[in-house]
Amino acid sequence: MPRIAIIGGGISGLSAAFTLEEKRQSGAQSDTKIEYVLFESAPRLGGVLVTDRVDGCLVEAGPDSFLTEKPWAADLCRKIGLGDQLIGSNDADRKTYIVVHKNGRDKLVVMPDGLMFMVPTKILPTVFSPLFSLRTKMRMAGEWFHPPHKADADETVAQMVERHYGPEMVDRLADPLLSGVYGGEASQLSVRAVLARFADMEAKHGSLGRAMLASRKKMGAKSPARPLFSSLKDGMQQMVDALLARLDPAALRVSSPVQSVIPHSTADGWIVSAGYQTDQFDAIIVAAPTHAAAAVLEMADKNLAEELSAIRYSSSVTVTLGYDENVRRSLLPGFGFLVPRSAGHRMLAATFVHNKFPHRAPQNRALVRCFLGGARDEEILASSDEQILQIVRAELREIIGLEAEPLFARVYKWKSAMAQYSVGHIERVARIQKLCEKFPGLALAGNGFNGIGVPDCVRSGTEAATKVLSQLGMWSAA
Ligand SMILES: Cc1cc2nc3c(=O)[nH]c(=O)nc-3n(C[C@H](O)[C@H](O)[C@H](O)COP(=O)(O)OP(=O)(O)OC[C@H]3O[C@@H](n4cnc5c(N)ncnc54)[C@H](O)[C@@H]3O)c2cc1C
């Protein structure tokens, strides 16, 4: 009976395990039986998906939702019986502010209507927005006539955005939006890996504004409006719990860090070393962050390990503060605010959770979730929870005048958890895939390759499982 090992029990590894479990159950009545074992170094499964309940509020330690337009996470939720638990963000209240620091003061300026990611598609709201200087508004008007341009090589998001709209757009929108998603910087992240759609639009249409409008018209005709973000009624942890309820408990080994995986020297297959034990498998799925995958695969292939460890990761900190109803009444409407680097704060963004997902806080509570860290502030991890709280409270005072004492506070630190797709990432992933071809029965999954969001990780885990099953001759798409 073929045995498959999965290394890493975050959402990528659990999605791979679920695909294998489906196969295991379908094979129970036939002669295509399989066995799998999932190794997780931490004492719990789920990786960065963690939901706590505090004072009647639902507190997300890691991701709080996922993009609705990427279907893989919601599809998996439906498969594991959570279809009726899926919820959408409260888009009627969707308003995001940008912190603009002027004359020694912070001001919150609402992002103008019609911005698609950072591309303006409506003229009037942009013309009248105080977010941009006259110079940038002139650039936006000129952008409409940008000629098609196919870059010969990859470049940073900042380079592309600056070419179209100038440096203010990078500081006020591109950088804060990317630090919210990747904990990364526009001046480092690869446009082809992070905003492939922009590179295609520029090559075909020239103007990003015209291209966005054209695609919106096409989409608008086809699909009804959906909420931008989806999540689960009881939080992201619900996805982990439902997956675990469907997996074979005997297959799950927590507190089991894998030190190495090595191809068997005399037979097909792999030797996995975890703790003082070694075990033999026919195939391996490595679903850990690439820095951990590199360490595990070092003895198997030095070049592969080098390529994997060249993918950088940033760390992040989330801080959730709970307040009473007076604060709730005094806070602005909308989903929260983003903090450009030029505003001179350590906070990257804050979400007003009670507005974005109203049922996550009772009517008499306000829930504010703040993000810190990212590629430019790795040092924050060295601060104590107490120091981080002091920073957050001081900055909330400066930015939104929030003086009140929180009823509770939770700080979560995530070390090297967010992959940074730097220039040349796509080519690096292609090289990694090529190096893996030497090893039939090896598949990689996780947020280091083709998407950092939860849906992309679900897809990567599922694809890794189908890859090894098909290499073992046990998968047919039918
Ligand atoms: C603070 C934060 C907020 C986020 N917000 C969002 C959001 O709102 N929406 C969204 O779509 N995405 C969000 N993301 C991104 C997304 O959540 C992650 O990219 C995704 O969950 C990563 O899943 P994973 O399984 O690939 O990795 P992880 O969750 O990191 O899991 C990897 C697992 O591998 C284990 N491991 C490592 N080495 C070994 C070893 N040697 N042996 C055994 N096990 C090992 C680790 O302990 C870990 O449990 C956020 C991420 C963070 C950190």
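Bear in mind that the values here come from a model prediction, so they are computed numbers and not experimental data. Every number for a ligand or one of its atoms is a count from 1 in the order of the listing.
- Considering all non-hydrogen atoms of both residues, Asp154 and Ser190 come closest at OD2-OG, 2.7 Å.
- We find the CG-CZ distance between Asp55 and Arg365 to be 4.5 Å, quoted to the nearest 0.5 Å.
- Taking every heavy atom of Gly47 and a limit of under 4.0 angstrom, the matching atoms of ligand 1 come to 29 (O), 31 (O), 49 (O).
- In this structure, Arg53 pairs ionically with Asp234, as a charged nitrogen and a carboxylate oxygen lie closer than 4.0 Å.
- Distance from atom 1 (C) of ligand 1 to its nearest protein heavy atom, with residue and atom name: Trp414 CD1, 3.5 Å.
- For atom 52 (C) of ligand 1, the choice among Arg44, Met418, Arg253 with the nearest heavy atom turns out to be Met418.
- Residues Ala16 and Ala465 come closest through the heavy atom pair O-CB, 3.6 Å.
- Less than 4.0 angstrom separates atom 27 (O) of ligand 1 from none of the non-hydrogen atoms of the protein.
- Of the protein's heavy atoms, Val258 N, 2.9 Å lies nearest to atom 42 (N) of ligand 1.
- Of the listed residues (Leu195, Val423, Leu178), just one forms a side-chain contact (heavy atoms from CB on, under 4.5 Å) with Leu189, and that residue is Leu178.
- For Asn450 against Asp456, the heavy-atom pair with the smallest separation is O-OD1, 3.8 Å.
- The shortest side-chain heavy-atom distance between Ser316 and Thr318 does not fall under the 4.5 Å cut-off.
- Remark: ligand 1 atoms within the under-4.0 Å shell around heavy atoms of Ala292 are 37 (C), 38 (N).
- Residue Val454 places at least one N or O, backbone or side chain, under 3.5 Å from an N or O of ligand 1.
- For atom 25 (O) of ligand 1, the nearest non-hydrogen atom from the set Ala16, Ser12, Pro289, Ser231 belongs to Ser12.
- Every atom of ligand 1 with a heavy atom of Ile452 under 4.0 Å away is listed here by number and element: 15 (C), 16 (C), 18 (C), 19 (O).
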Determine whether Tyr36 and Glu21 satisfy the following criterion, side-chain hydrogen bond (donor to acceptor under 3.5 Å, both in side chains), listing intermediate values before the conclusion. CA-CA 8 Å; Tyr36 66 92; Glu21 176 63 28; 2.6 Å; yes
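- Tested against Gln238, the residues Leu232, Ile80, Leu243 include a single side-chain contact (heavy atoms from CB on, under 4.5 Å) partner, Leu232.
- When non-hydrogen atoms are compared, ligand 1 lies under 4.0 Å from the backbone of Pro63 as well as from its side chain.
- Inclusion of Glu40 in the set of residues having an N or O under 3.5 Å from an N or O of ligand 1 is warranted.
- Within the listing of ligand 1, atoms 8 (O) sit less than 4.0 angstrom from a heavy atom of Asp64.
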Between Phe371 and Leu338, does a side-chain contact (heavy atoms from CB on, under 4.5 Å) hold up when you go through it step by step? CA-CA 10 Å; Phe371 296 83; Leu338 302 172; over 6 Å; no
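- The shortest N or O to N or O distance between Ser65 and ligand 1 is under 3.5 Å.
- Any N or O atom pair closer than 3.5 Å counts here, and Gly453 shares no such pair with ligand 1.
- Ligand-side atoms of ligand 1 in range of Asn447: 18 (C), 19 (O), 22 (C), 26 (O), range being under 4.0 angstrom from any heavy atom.
- Across Arg246 and Lys79, no two heavy atoms sit closer than the pair NE-O, 4.5 Å.
- Distance from atom 37 (C) of ligand 1 to its nearest protein heavy atom, with residue and atom name: Ala288 CB, 3.7 Å.
- Near Ser316, meaning under 4.0 Å from any of its heavy atoms, are these atoms of ligand 1: 1 (C), 53 (C).
- Distance from atom 20 (C) of ligand 1 to its nearest protein heavy atom, with residue and atom name: Cys457 SG, 3.7 Å.
- In terms of heavy atoms, Val458 sits closest to Ser15 at CA-OG, 3.5 Å.
- In the vicinity of Gly446, heavy-atom distances shorter than 4.0 Å reach the ligand 1 atoms 26 (O).
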Could you go through the side-chain contact (heavy atoms from CB on, under 4.5 Å) check for Met418 and Asn447 one step at a time? CA-CA 8 Å; Met418 307 273 249; Asn447 69 9; 5.8 Å; no
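- In terms of polar-atom proximity, Ser41 is counted as a contact of ligand 1, with an N or O under 3.5 Å from an N or O of the ligand.
- Nearest protein neighbour of atom 34 (O) of ligand 1, counting heavy atoms only, is Gly8 CA, 3.3 Å.
- Summarising the geometry of Leu407 relative to Tyr323, their closest heavy-atom pair is CD1-C, 3.7 Å, with the distance given to 0.1 Å.
- Taking the centre of each ring, Trp72 and Phe66 stay at or above the 6.0 Å mark.
- Ion pairing of Arg226 with Asp91 is absent here, as no side-chain N (NZ or NE/NH1/NH2) approaches a carboxylate O to less than 4.0 Å.
- Residue Gly10 holds the heavy atom nearest to atom 31 (O) of ligand 1 of all those in Gly10, Gly448, Ser315.
- Not one N or O of Ile7 is nearer than 3.5 Å to an N or O of ligand 1, by distance alone.
- Contact annotation for Leu45 and ligand 1: no heavy atom of the residue comes within less than 4.0 Å of the ligand.
- Close approach to Pro257 involves these atoms of ligand 1, each under 4.0 Å from a residue heavy atom: 42 (N).
- The distance criterion of under 3.5 Å between nitrogen or oxygen atoms is not met by Val296 with respect to ligand 1.
- Taking all heavy atoms of Ile6, Thr351, Val48 into account, the minimum distance to atom 21 (O) of ligand 1 is reached by Val48.
- Between Arg197 and Asp200 there is no salt bridge, since no side-chain nitrogen of the basic residue lies less than 4.0 Å from a carboxylate oxygen of the acidic one.
- Closest to atom 23 (O) of ligand 1 among all protein heavy atoms lies Ile11 CG2, 3.6 Å.
- At a heavy-atom distance under 4.0 Å, only side-chain atoms of Leu49, from C-beta outward, approach ligand 1.
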